[in-house]
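Below is one structure, written out as structure tokens; comments come after it.
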Amino acid sequence: MHIPNGFLDPVTASTTAALSSGTLVYGWNRLRREISQQPPTTLGLVAAFIFAAQMINYAIGHHTSGHMIGAMVAVVVCGPWAAGLVMAAVISIQSLFFHDGGTIALGANILNMAVIATAVSYTVYRTAAKKTNNRQLAMAAGAWLSVVIASAAAAIELAVSGTAPLAAVLPAMLKWHSLIGIGEAGITLFSAHYLIKYTKQKEMQMQVNGYVQK
Amino acid sequence: MFKSKNQLISLALILLIAGFLSNFASSHPDGLERVAEDLGFISQAAGHTSVLEDYSLPGIPHSGLAGGLAGILGCTLVFALVFSLSTVIKRLK
């Protein structure tokens, strides 16, 4: 759901950019604390994995395709604020070097996939894991909902820009992304297991446990 | 930088995904492109130029190789950015 240039009006583009930057300022201390708890190599590897995983589009029937966002994986492995930084870095490189997501729409894409998707993943995961005591289920729910809510945010931004009426673009985005989200949930369960196993960071495990307060 | 065997294994798996498996990605329009086509605003998409257009390294005739190398280059860029950002943020005090 990388929004290209031309879909957003200047006001929406700058508002979303301001919201994304504001989030960085607001969470700066927590971001710094999370980052200092884990080696830069781990964060870099998670970011590289998410970049690679986002290249793999999976077909949804004959009509469309989707690829993972990766916010839930990043949250589980790195913690929510570090995950935001990792996601924002991936989206920036995609936009600046690969023409995937517009440069003018960068603030909006970061807001949708690095801020909103991450916040939804973390909130759902933490709440569901506490309630059900089942981390796999919580992770799947967080991954699915992060895609759906991020797509709703993109739809609202498109509608506010006057690109498409909300009554048409919101249901259309929700329809496809509730299917794409199933793929996200599956890949998240699979890849979180291996990322935690192979990067083998005690700090991360601790952090995840800490967040779930197990 | 890569101290343990596990880190090397994960690095190898990531490069395998970006460099090889990416060739098997579906080329159907993604969710947003699908909606933009259906609702008729896809034509509003404006281009901006970038070096590695559509995940393909320029000047390489074999499309699979061009895509794989672009993927590996992208992973390297992302790793370098996050590694250096977090190193810098860590040292700030």
Side-chain angles (χ1 to χ4, degrees), chain A residues 1-7 31-32 35-36 40-41 43-53 55-60 62-67 82 85-86 89-90 92-94 96-100 102-104 151 154 158 163-164 168-169 172-173 176-177 180 194-195 197-200, chain B residues 1-4 6-7 9-11 13-19 21-22 24-36 38-41 43-55 67 70-87 89-90 92:
Chain A
M1 69 181 78
H2 294 59
I3 302 172
N5 283 343
F7 279 13
L31 172 70
R32 218 175 52 180
I35 284 180
S36 55
T41 311
L43 294 164
L45 279 174
V46 173
F49 168 75
I50 288 170
F51 180 90
M55 287 183 77
I56 313 294
N57 279 64
Y58 42 88
I60 307 287
H62 297 298
H63 305 289
T64 186
S65 72
H67 63 72
L85 181 83
V86 161
V90 170
S92 304
I93 296 283
Q94 285 169 334
L96 297 176
F97 291 92
F98 292 89
H99 195 181
D100 193 5
T103 40
I104 298 166
S151 80
L158 292 170
T163 304
V169 74
M173 285 294 277
W176 291 119
H177 289 91
I180 294 170
Y194 283 100
L195 268 178
K197 182 175 160 196
Y198 281 122
T199 48
K200 214 175 226 171
Chain B
M1 194 182 288
F2 297 105
K3 290 183 200 90
S4 72
N6 283 313
Q7 283 180 338
I9 294 174
S10 46
L11 180 68
L13 288 175
I14 289 165
L15 294 181
L16 182 75
I17 297 170
L21 292 181
S22 59
F24 302 100
S26 161
S27 53
H28 291 313
D30 78 3
L32 176 61
E33 287 165 351
R34 174 81 261 161
V35 171
D38 290 347
L39 301 180
F41 63 88
S43 56
Q44 284 188 39
H48 70 274
T49 43
S50 49
V51 211
L52 298 151
E53 204 74 20
D54 285 327
Y55 294 89
I72 289 172
L73 190 59
C75 285
T76 314
L77 284 168
V78 166
F79 179 87
L81 178 63
V82 172
F83 185 89
S84 42
L85 270 180
S86 43
T87 308
I89 292 173
K90 229 175 178 173
L92 293 175

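Letters go in sequence order (proteins before strands), and every chain restarts at 1. Please read these numbers as outputs of a predicted model, since none were measured by experiment.
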Problem - Minimum-distance pair of heavy atoms, taken over all atoms of B:V82 and A:G44 - result: CG1-N, 3.7 Å
Practice task
Give, as side chain, backbone, both or neither, the part of B:L21 having an atom under 4.5 angstrom from any heavy atom of chain A.
Solution key: both
Exercise for the section: To the nearest 0.5 angstrom, please state how far the CD1 atom of A:I50 sits from the CG atom of A:L45. Expected result: 11.5 Å
Practice task
Name the member of A:L158, A:I3, A:I93 that forms the most heavy-atom pairs with chain B at distances under 4.5 Å.
Solution key: A:I93
Practice task
Flag the one option from B:G19, B:A45, B:G40 with the top tally of heavy-atom pairs under 4.5 Å to chain A.
Solution key: B:A45
Handout entry: Proximity breakdown for A:A89 and chain B, heavy-atom pairs closer than 4.5 Å
Key = both
Completion exercise
Between B:T76 and B:I72, the two heavy atoms sitting closest are OG1-O, 2.7 Å
Completion exercise
If one checks every heavy atom of A:Y58 against chain B at 4.5 Å, the contacting part turns out to be backbone
Practice task
Quick one: which of A:A164, A:A52, A:G66 has the most heavy-atom pairs under 4.5 Å with chain B, could you say?
Solution key: A:A52
Exercise for the section: Let me see the working for A:N57 and B:H28 under side chain to side chain contact (heavy atoms under 4.5 Å, CB included), right down to the final yes or no. Expected result: CA-CA 8 Å; A:N57 279 64; B:H28 291 313; over 6 Å; no
Exercise for the section: Considering non-hydrogen atoms only, spot the tightest contact between A:A82 and A:I35 and give its length. Expected result: CB-CG1, 4.2 Å
Exercise for the section: Could you have a look at B:A36, B:G67, B:G31, B:A80 and say which one has the most heavy-atom pairs with chain A under 4.5 angstrom? Expected result: B:G31
Practice task
Find out whether A:I56 and B:F24 are in side-chain contact, i.e. whether some heavy atom of one side chain is under 4.5 Å from a heavy atom of the other.
Solution key: no
Handout entry: Exercise: identify the closest heavy-atom pair between B:Y55 and A:Q94
Key = OH-CG, 3.5 Å
Practice task
Could you tell me which portion of A:H63 (side chain, backbone, both or neither) has an atom closer than 4.5 angstrom to a non-hydrogen atom of chain B?
Solution key: both
Exercise for the section: Just give me the residue among B:I17, B:L13, B:L11 that pairs up with chain A most often, heavy atom to heavy atom, under 4.5 Å. Expected result: B:I17
Problem - Portion of A:I180 that has a non-hydrogen atom of chain B nearer than 4.5 angstrom - result: side chain
Fill in the blank from the handout: Nearest heavy-atom contact between B:L15 and B:C75 is CD2-CB, 4.5 Å
Completion exercise
Honestly, the part of A:I60 sitting under 4.5 Å from a heavy atom of chain B is neither
Practice task
Check each atom of B:L16 against the heavy atoms of chain A and say whether the ones under 4.5 Å are side chain, backbone, both or neither.
Solution key: neither
Completion exercise
Closest non-hydrogen contact found for A:H2 with B:L32 is O-CD2, 3.5 Å
Practice task
Identify which of B:S84, B:G71, B:A25, B:G74 forms the greatest number of heavy-atom pairs closer than 4.5 Å to chain A.
Solution key: B:G74
Fill in the blank from the handout: With chain B, the option among A:W176, A:Y194, A:F51 that has the most non-hydrogen atom pairs under 4.5 Å is A:F51
